Amino acid sequence: MRPLPKTFYARDTLTVAAELLGCELWVSRGRQVCAGRIVEAEAYIGEEDPACHAHRGQTNRNRVMYGAPGISYVYFTYGNHWMLNFVTEREGFPAAVLIRAVEPIEGIALMRRRRNVEHNYDLTSGPGKLTAAFEINGADSGLPLSGPRLTVVKSHGSGALPRILTSGRIGVNEGHERLWRFYLEDNPYVSKFRNGARSNSPRRYPAKRVSRA
DNA sequence: GAGAAGATCTCCT
DNA sequence: GGAGATCTTCTCA
């Protein structure tokens with residue numbers, strides 16, 4: 001199982017976000033291993049992006065975002081939830097991909113114990129849910145995505161990937177006109193349209209409107 | 001130090 | 001669909 005190289009992340013964040021769909025995230029806790037296929041992600045790019053943590057410049061909290069590509073950026077929000085991001089682009093430029101949802105493929109029983117929910121589709125269908133299911137927290141921030149604790153690999157599943165759709169980002173107050181949310185069509189683990197997303201008319205990817213302008 | 005905001009989730013109606 | 005929970009981070013005085 002070969003992790004994605006650093007060069008994968010050291011590219012345009014929108015490209016990375018789209019290409020992460022279908023990839024597998026593996027999280028190890030000693031002998032406990034959980035894994036899921038990434039089905040939904042959002043891009044946050046630079047200080048010009050009003051929804052990005054780096055919008056107001058570098059702080060203690062977002063310092064990891066300014067670091068090298070291919071590392072994790074995990075932060076706490078709403079008093080309850082950890083958010084998992086992958087740092088992208090060049091070192092010194094704050095950009096990241098928020099992992100919003102995954103499809104469980106390994107360690108499902110462990111996730112169910114951690115989440116205490118009835119249905120599998122409730123395990124990881126949201127950014128806060130997936131970090132709870134994978135037991136990801138601030139201790140995982142700044143770690144390489146090439147292992148040993150966090151590993152991202154190309155999917156070794158067979159068959160063609162479903163269509164990739166884009167929409168406005170969820171839960172952000174500004175910058176929602178940018179179609180920087182990417183997800184797999186008809187996947188039950190994609191988080192639903194809600195929480196104030198004001199521009200989530202889905203479009204096929206690649207699309208002309210998916211740009212950084 | 002105080003107050004406000006926040007890339008969410010879950011429960012209740 | 002709405003509101004509360006919960007607490008870290010940041011800004012401002």
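By convention in this document, chain letters (A, B, ...) are assigned in the order of the sequence lines, proteins followed by strands, and residues within each chain are numbered from 1. Predicted model only: the values in this text are computed from it and were never measured.
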Lys/Arg N to Asp/Glu carboxylate O, A/Arg112 vs A/Asp122, below 4.0 Å: no

Do NZ/NE/NH1/NH2 and the carboxylate oxygens of A/Glu47 and A/Arg56 come within less than 4.0 Å? no

NZ/NE/NH1/NH2 to OD/OE distance under 4.0 Å, A/Glu42 and A/Arg169: no

Hey, are A/Glu135 and A/Arg114 close enough for a salt bridge, meaning a charged N less than 4.0 Å from a carboxylate O? yes

Taking CG from A/Leu84 and C1' from B/dA7, how many angstroms apart are they, rounded to a whole number? 12 Å

DNA chain B base-pair string [pairs: Watson-Crick or G-U under 3.5 Å; |: paired with another strand]: ||||||.|||||.

Side-chain N or O of A/His53 closer than 4.0 Å to phosphate OP1/OP2 of B/dA7: yes

Once base and sugar-phosphate atoms are separated, protein heavy atoms under 4.0 Å mark nucleotides 7-13 of chain C, 5' to 3', with B, S and - as BSSSS--

Shortest non-hydrogen separation from A/Ser125 to A/Lys129 and the atoms involved: OG-NZ, 3.3 Å

Rounding to an integer number of Å, can you tell me how far A/Trp82 CH2 sits from B/dC9 P? 15 Å

May I ask you to decide whether A/Arg163 forms a salt bridge with A/Asp186, counting only side-chain N to carboxylate O separations under 4.0 Å? no

Can you tell me how far C1' of B/dT10 sits from OH of A/Tyr121, to the nearest Å? 15 Å

Write down the distance between CG (A/Asn116) and C1' (B/dC11), rounded to a whole number of angstrom. 14 Å

Does any part of the side chain of A/Phe182, heavy atoms only, come nearer than 4.5 Å to the side chain of A/Glu19, both counted from C-beta? no

Taking 4.0 Å as the cut-off, does a side-chain nitrogen or oxygen of A/Arg115 come that near to OP1 or OP2 on B/dC9? no

Can you tell me which nucleotide in B/dT10, B/dA7, B/dC9 comes closest to the side chain of A/Pro127? B/dC9

Using whole Å, what does the distance between atom C1' of nucleotide B/dA7 and atom CZ of A/Phe86 come to? 15 Å

Whole-Å gap separating C1' (B/dA7) and CG (A/Leu130): 12 Å

Here the distance between atom P of B/dG6 and atom CD1 of A/Ile170, to the nearest Å, is 17 Å

Output the rounded distance in Å from CZ (A/Arg169) to P (B/dG6). 14 Å

Indicate the ring-plane relationship of A/Tyr73 and A/Tyr75, choosing parallel, tilted or perpendicular according to the 30° and 60° boundaries. tilted

Are A/Tyr44 and A/His53 an aromatic pair, judged by ring center distance below 6.0 Å? no

